[in-house]
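In each ligand, atom 1 is the first atom listed, and ligand 1 is the first ligand listed.
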Amino acid sequence: MKTQLLQHEAAKATSELLVVFAADQQTSKDPNAKAEPVLLSEEAALLSAVKSALSSGEFKAAGSETLLLHAPAGVKASRLLIVGLGKKAKATVHDVRKAAGTAVRFAKPRSIRELAIALPTGDSFPAHATARAAVEGALVGDFDPDTYRSDRKDQSIQDLTILSPAGASQAEVKAGYTEGVILGESQNFTRTLVNEPGNRMTPTVLGQRAAEMCKEAGLKCEVFSTEKLHEEKMGAFWAVSQGSAEPPALIVITYEPEGAPAEPVLGLVGKGITFDTGGISIKPSDGMEKMKYDMAGGASMIGAMRAIASLKPKVKVISVVCAAENMPSGTAYKPGDVIIAKSGKAIEIINTDAEGRMVLADGLTYARQLGATHLIDAATLTGACVVALGTTNAGIFSNDDDTFQHFSTALTTSGERFWRLPLEDEYKEQIRSHIGDIMNTGGRWGGAITAAMFLKEFAEETPWIHLDIAGVAWMEEQKPWIAKGPSGTAVRSIVEWVRTYSK
Ligand code: BES
Ligand code: MN
Ligand code: ZN
């Protein structure tokens with residue numbers, strides 16, 4: 001998708017499809033009064049073009065509701081699409097993001113290849129955040145996962161124009177738009193990686209894809225394999241890798257801008273299990289195909305680094321992605337095995353399907369060794385997190401309130417939803433081992449928490465955040481604004497978290 005930003009009267013823009021936004025405004029105090037949708041624009045020509053449609057009662061401006069008008073009077077575009085943002089009092093830029101995605105996904109199957117989005121105006125829609133959200137939403141909406149369909153028709157939008165209203169600060173709109181392009185494209189880059197099946201996205205291939213991206217983005221990238229794992233005594237990472245014919249990949253990406261202070265150094269650690277069979281503690285076959293997305297945490301970090309390279313925050317960032325395939329075989333690690341992690345801790349294996357925390361344990365230790373003063377990890381870590389929070393919120397854990405606060409701030413920009421779960425010392429009892437220091441599973445209860453408690457042992461004293469994205473990394477159903485398949489959730493929040501440290 002080619003994008004451009006224009007400061008232009010929307011009614012005078014030539015386009016196959018002009019997209020405008022409306023909200024549901026309750027005009028009377030009487031709760032039984034008919035809600036009346038209002039157009040979020042100050043342009044007289046647009047207001048008059050939609051007047052009869054909005055008063056018809058056919059369209060309520062509910063979130064993602066659409067109404068298409070052909071040959072609208074007084075408007076140069078050949079079609080006008082009104083997209084609802086829901087209740088006006090509650091509508092935010094996050095609704096604009098979804099609505100922009102909805103518009104794109106409306107256009108795609110209708111052979112519309114070009115569209116223009118008129119940014120909404122009003123107190124709830126600050127120029128920077130609105131421009132950014134609109135372009136992010138449009139880019140995210142444009143992604144479809146049907147890569148390998150031999151009858152695939154490319155329905156991608158070729159040209160997108162963002163139309164900035166006259167009243168807005170054009171500098172703010174421009175800055176927001178530019179960020180939105182970077183974030184939207186980076187989120188889609190992550191989705192492209194996650195979408196690939198296990199046979200085509202091995203640890204080695206993930207390393208290659210990361211290296212290619214880094215070359216284009218101007219980032220330093222090193223990709224190591226088996227030998228390095230042995231050299232660095234990454235026993236936990238190797239334990240998972242050892243059962244597969246595919247060699248592991250340790251992907252290290254460094255962003256070191258000139259003039260950045262020596263500290264903080266942010267460490268972005270990702271789980272990159274390119275396929276999770278469960279290993280010897282093998283998973284049931286029903287739904288196992290989904291486990292190709294078990295590298296979504298790692299792919300999120302790679303996508304985040306792509307965005308960071310363009311946004312250029314003044315802070316050092318190192319990303320460590322631990323990529324491996326979790327397979328059962330004659331060389332696989334087994335329940336009962338005792339594995340010495342890089343940090344020196346002895347891990348008693350209870351279940352080889354708890355492999356994500358194994359690779360992350362060594363990833364966290366390695367990031368600390370490379371100088372990270374603050375850590376964040378992302379992983380499709382536990383089914384228990386999905387049981388606890390469903391697919392609306394992802395889990396977040398932290399050993400440090402200030403670091404968590406930075407992430408909370410980031411969420412107000414990204415619009416993503418994470419819910420904090422506890423990490424009290426009592427939970428550690430569940431993973432105490434008799435033969436070694438720690439067990440890799442903690443029994444039935446609080447599975448997302450005991451997994452996080454395990455990671456906490458390897459973050460040690462370093463301020464750290466853990467994101468469990470098992471329930472949100474893959475969309476089981478399509479939504480009006482996003483396709484079914486890999487969501488790229490977490491990329492935007494991680495990037496924003498990094499930017500909160502930029503001096
Ligand atoms: N990759 C899975 C977690 C997962 C489950 C991701 C569902 C996405 C959707 C992880 O490696 C795993 O197998 N976790 C186990 C842990 C258990 C053995 C303690 C789980 O959640 O069942
Ligand atoms: Mn597993
Ligand atoms: Zn896994």
Side-chain angles (χ1 to χ4, degrees), residues 194-195 198 201 203 206 236-237 239-244 246 248 269-300 321-328 332-337 347-363 377-395 397 421 427 430-431 433 438-455 466-477 485-490:
V194 177
N195 195 42
M201 183 51 71
L206 187 61
F237 184 2
V240 176
S241 319
Q242 75 185 44
S244 173
E246 289 293 339
V269 182
K271 168 176 175 180
I273 299 298
T274 58
F275 196 77
D276 181 12
T277 65
I280 297 297
S281 317
I282 197 161
K283 286 182 182 294
S285 46
D286 256 7
M288 199 203 272
E289 72 283 353
K290 298 268 178 49
M291 283 302 114
K292 69 170 191 169
Y293 81 82
D294 215 16
M295 35 62 79
S300 299
V321 174
C322 300
E325 200 182 52
N326 188 24
M327 296 289 277
Y333 78 138
K334 307 173 292 298
D337 284 1
I347 306 168
E348 179 187 2
I349 304 304
I350 304 299
N351 190 318
T352 63
D353 198 8
E355 85 298 340
R357 64 198 78 180
M358 296 293 288
V359 304
L360 287 172
D362 283 348
D377 75 68
T380 46
L381 202 64
T382 66
C385 192
V386 194
V387 172
L389 296 173
T391 56
T392 302
N393 278 275
F397 301 81
L421 293 167
Y427 291 108
Q430 282 177 251
I431 50 172
S433 166
I438 191 170
M439 302 191 298
N440 82 330
T441 67
R444 180 142 180 228
W445 311 119
I449 301 172
T450 49
M453 286 304 286
F454 180 96
L455 297 180
H466 159 55
L467 305 176
D468 192 334
I469 58 170
V472 299
W474 193 269
M475 312 274 308
E476 294 295 342
E477 299 293 339
S487 70
T489 303

For [Y], does its backbone N or O pair with a side-chain atom of [X] as donor and acceptor, under 3.5 Å?
| X | Y | result |
| --- | --- | --- |
| Asn440 | Ala354 | yes |
| Thr489 | Ala473 | no |
| Asn326 | Thr352 | yes |
| Asp468 | Leu381 | yes |
| Gln430 | Trp445 | yes |
| Ser487 | Val472 | yes |

| request: Would you check if there is a donor-acceptor pair between the side chains of Ser281 and Asp353 at a distance under 3.5 Å? | output: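 No - no donor-acceptor pair under 3.5 Å links their side chains.
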
Just to be sure I read this right, does ligand 1 sit under 4.0 Å from the backbone of [X], its side chain, both, or neither, counting only heavy atoms?
| X | value |
| --- | --- |
| Arg444 | neither |
| Lys290 | neither |
| Asn351 | side chain |
| Ile273 | neither |
| Lys271 | side chain |
| Tyr293 | side chain |

| request: Please confirm if an N, O or S atom belonging to Asp294, backbone or side chain, lies less than 2.8 Å from the Mn ion (ligand 2). | output: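 Not a single backbone or side-chain N, O or S atom of Asp294 is under 2.8 Å from the Mn ion (ligand 2).
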
Which atoms from ligand 1 have a heavy atom of [X] less than 4.0 Å away?
| X | value |
| --- | --- |
| Glu355 | 11 (O) |
| Met291 | 1 (N), 6 (C), 7 (C), 8 (C), 9 (C) |
| Ala470 | 6 (C), 8 (C) |
| Arg357 | 16 (C), 19 (C) |
| Thr380 | 1 (N), 2 (C), 3 (C), 6 (C) |

Between [Y] and [X], is there a side-chain heavy-atom distance shorter than 4.5 Å?
| X | Y | answer |
| --- | --- | --- |
| Thr441 | Phe454 | no |
| Cys322 | Asp362 | no |
| Lys290 | Glu476 | yes |
| Met358 | Tyr333 | yes |
| Asn351 | Pro335 | no |

Please report which non-hydrogen protein atom sits nearest to [atom], along with the residue it belongs to and the distance in Å to one decimal place.
| atom | result |
| --- | --- |
| atom 10 (C) of ligand 1 | Leu381 O, 3.3 Å |
| atom 19 (C) of ligand 1 | Thr441 CG2, 3.6 Å |
| atom 2 (C) of ligand 1 | Asp276 OD2, 3.6 Å |

| task | Return the name of the atom in Asp276, of element N, O or S, nearest to the Mn ion (ligand 2). | result |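 Of all N, O or S atoms in Asp276, the Mn ion (ligand 2) lies closest to OD2.
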
| field | For the Mn ion (ligand 2): the N/O/S atom of Glu355 at shortest distance | value |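 That would be atom OE1.
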
| How long is the span from the CD1 atom in Ile350 to the CE atom in Met439, to the nearest 0.5 Å? |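 These two atoms lie 5.0 Å from each other.
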
| Is there a heavy atom of Thr382 sitting under 4.0 angstrom from any atom of ligand 1? |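 It does; at least one heavy atom falls under 4.0 Å.
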
| request: Write the atom name of the N, O or S atom in Asp294 that is nearest the Zn ion (ligand 3). | output: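 In Asp294, the N, O or S atom with the shortest distance to the Zn ion (ligand 3) is OD2.
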
| query | With respect to the Zn ion (ligand 3), what is the nearest N, O or S atom of Glu355? | reply |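 Of all N, O or S atoms belonging to Glu355, OE2 is the one nearest the Zn ion (ligand 3).
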
| field | From the candidates Gly297, Gly383, Gly278, the one that places a heavy atom nearest atom 4 (C) of ligand 1 | value |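 The nearest heavy atom belongs to Gly383.
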
| The one among Val359, Asp353, Val472 that brings a heavy atom closest to atom 15 (C) of ligand 1 |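 Looking at heavy atoms only, the winner is Asp353.
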
| Angular separation of NZ (Lys271) and OD2 (Asp276) seen from the Zn ion (ligand 3), to 10° |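 Output for this angle: 170°, rounded to tens.
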
| message | Any protein heavy atom at under 4.0 Å, with atom 22 (O) of ligand 1 as the reference point? | response |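 Neighbour list for atom 22 (O) of ligand 1 is empty of protein heavy atoms (cut-off 4.0 Å).
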
| message | Between Lys271 and Asp294, does any side-chain N to carboxylate O distance fall below 4.0 Å? | response |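 Salt bridge: yes.
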
